[in-house]
Amino acid sequence: MAKGFGGRGMPMGGMGGGMNMNMIKQAQKMQQDLLRMQQELEAKEYTATAGGGVVTACVSGKRQLKELTIDPEAVDPDDVEMLQDMIVAAVNQALRSAEEDAGSSMQQLTGGMGLPF
């Protein structure tokens, strides 16, 4: 057997072992940071308006509609479809804001590593 090598061609002395422990510690820290970030994002609220502010939607970081406000002037019994469109637009914009914030936070956490989260 060659000097300095174990039975399976692995170097003795553990150079690789130290690197593995460092990688494990980094992964554990990233996991803790990810959990903290998720909790912070879930606690946030995102608000958007449509129709010049006559419809306001508020969603949570968990992407749940929390509040919907409709100015009484927006209620036209002859044009319910427009009100429906404004509601959909406000809710979708609030959800996009939550999604963009989550993506931005994930980008900061991973440092642009392109991980599939």
Side-chain angles (χ1 to χ4, degrees):
M1 185 177 342
K3 283 185 174 181
F5 284 86
R8 296 194 174 147
M10 297 297 294
M12 294 173 71
M15 272 294 280
M19 289 178 61
N20 287 337
M21 286 303 294
N22 188 35
M23 289 176 65
I24 290 170
K25 286 180 183 179
Q26 286 178 336
Q28 288 171 337
K29 182 185 180 321
M30 185 177 281
Q31 184 179 25
Q32 291 170 349
D33 290 346
L34 177 62
L35 290 172
R36 179 185 44 77
M37 182 194 68
Q38 286 175 328
Q39 290 170 343
E40 289 173 1
L41 288 170
E42 287 177 357
K44 287 185 176 182
E45 292 184 353
Y46 303 87
T47 303
T49 62
V54 295
V55 175
T56 303
C58 178
V59 299
S60 72
K62 292 182 179 183
R63 293 159 186 86
Q64 296 174 333
L65 182 62
K66 294 189 69 152
E67 184 178 353
L68 181 66
T69 306
I70 302 170
D71 185 325
E73 291 181 23
V75 181
D76 179 356
D78 296 327
D79 196 2
V80 174
E81 189 173 309
M82 184 170 69
L83 177 58
Q84 292 169 337
D85 290 344
M86 287 189 289
I87 292 169
V88 169
V91 171
N92 284 335
Q93 182 56 48
L95 290 170
R96 273 191 298 275
S97 295
E99 204 57 44
E100 289 169 3
D101 192 26
S104 174
S105 295
M106 186 60 66
Q107 181 76 15
Q108 289 175 354
L109 179 67
T110 62
M113 289 190 291
L115 298 175
F117 292 108

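Count residues from 1 along the sequence. Just so it is clear, the values below take in all heavy atoms, side chains as well, and ignore hydrogens, waters and symmetry mates.
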Partners passing side chain to side chain contact (heavy atoms under 4.5 Å, CB included) against A74 (at least two apart in sequence or in another chain): V54, I70, L83, M86

Does anything in residues 69-78 form a salt bridge (Lys or Arg N to Asp or Glu O under 4.0 Å)? List the pairs, not counting sequence neighbours. none

Closer than 3.5 angstrom, by distance alone: can the side chain of S97 be matched with the main-chain N or O of Q93 as a donor-acceptor pair? yes

I'd like to check the side chain to side chain contact (heavy atoms under 4.5 Å, CB included) partners of A57; sequence neighbours left out, ordered by chain and number. L65, L68, A90, V91

Taking salt bridge (Lys or Arg N to Asp or Glu O under 4.0 Å) as the cut-off, I'd like each qualifying pair that reaches into residues 29-39, sequence neighbours left out, listed once. K29-D33, D33-R36, R36-E40

So CG of L34 and CD of Q38: to nearest 0.5 Å the spacing works out to 4.0 Å

Applying side-chain hydrogen bond (donor to acceptor under 3.5 Å, both in side chains) to E45 and not counting sequence neighbours gives K66

Is there any side-chain hydrogen bond (donor to acceptor under 3.5 Å, both in side chains) pair reaching into residues 81-90, and which pairs are they, with sequence neighbours excluded? none

Excluding sequence neighbours, so at least two apart, what forms side chain to side chain contact (heavy atoms under 4.5 Å, CB included) with T56? T47, T49, T69

So CD of Q64 and CG of L95: to nearest 0.5 Å the spacing works out to 10.5 Å

Can you name the residues that form a salt bridge (Lys or Arg N to Asp or Glu O under 4.0 Å) with K44, not counting sequence neighbours? D101

State which residues pass side-chain hydrogen bond (donor to acceptor under 3.5 Å, both in side chains) with E99; sequence neighbours excluded, sorted by chain then number. R63

Sequence-distant partners of D79, side-chain hydrogen bond (donor to acceptor under 3.5 Å, both in side chains), two or more places apart: none

Correct closest heavy-atom pair for A94 and A48 would be N-CB, 3.5 Å

Report the residues that fulfil side-chain hydrogen bond (donor to acceptor under 3.5 Å, both in side chains) with K25, sequence neighbours left out, ordered by chain and then residue number. none

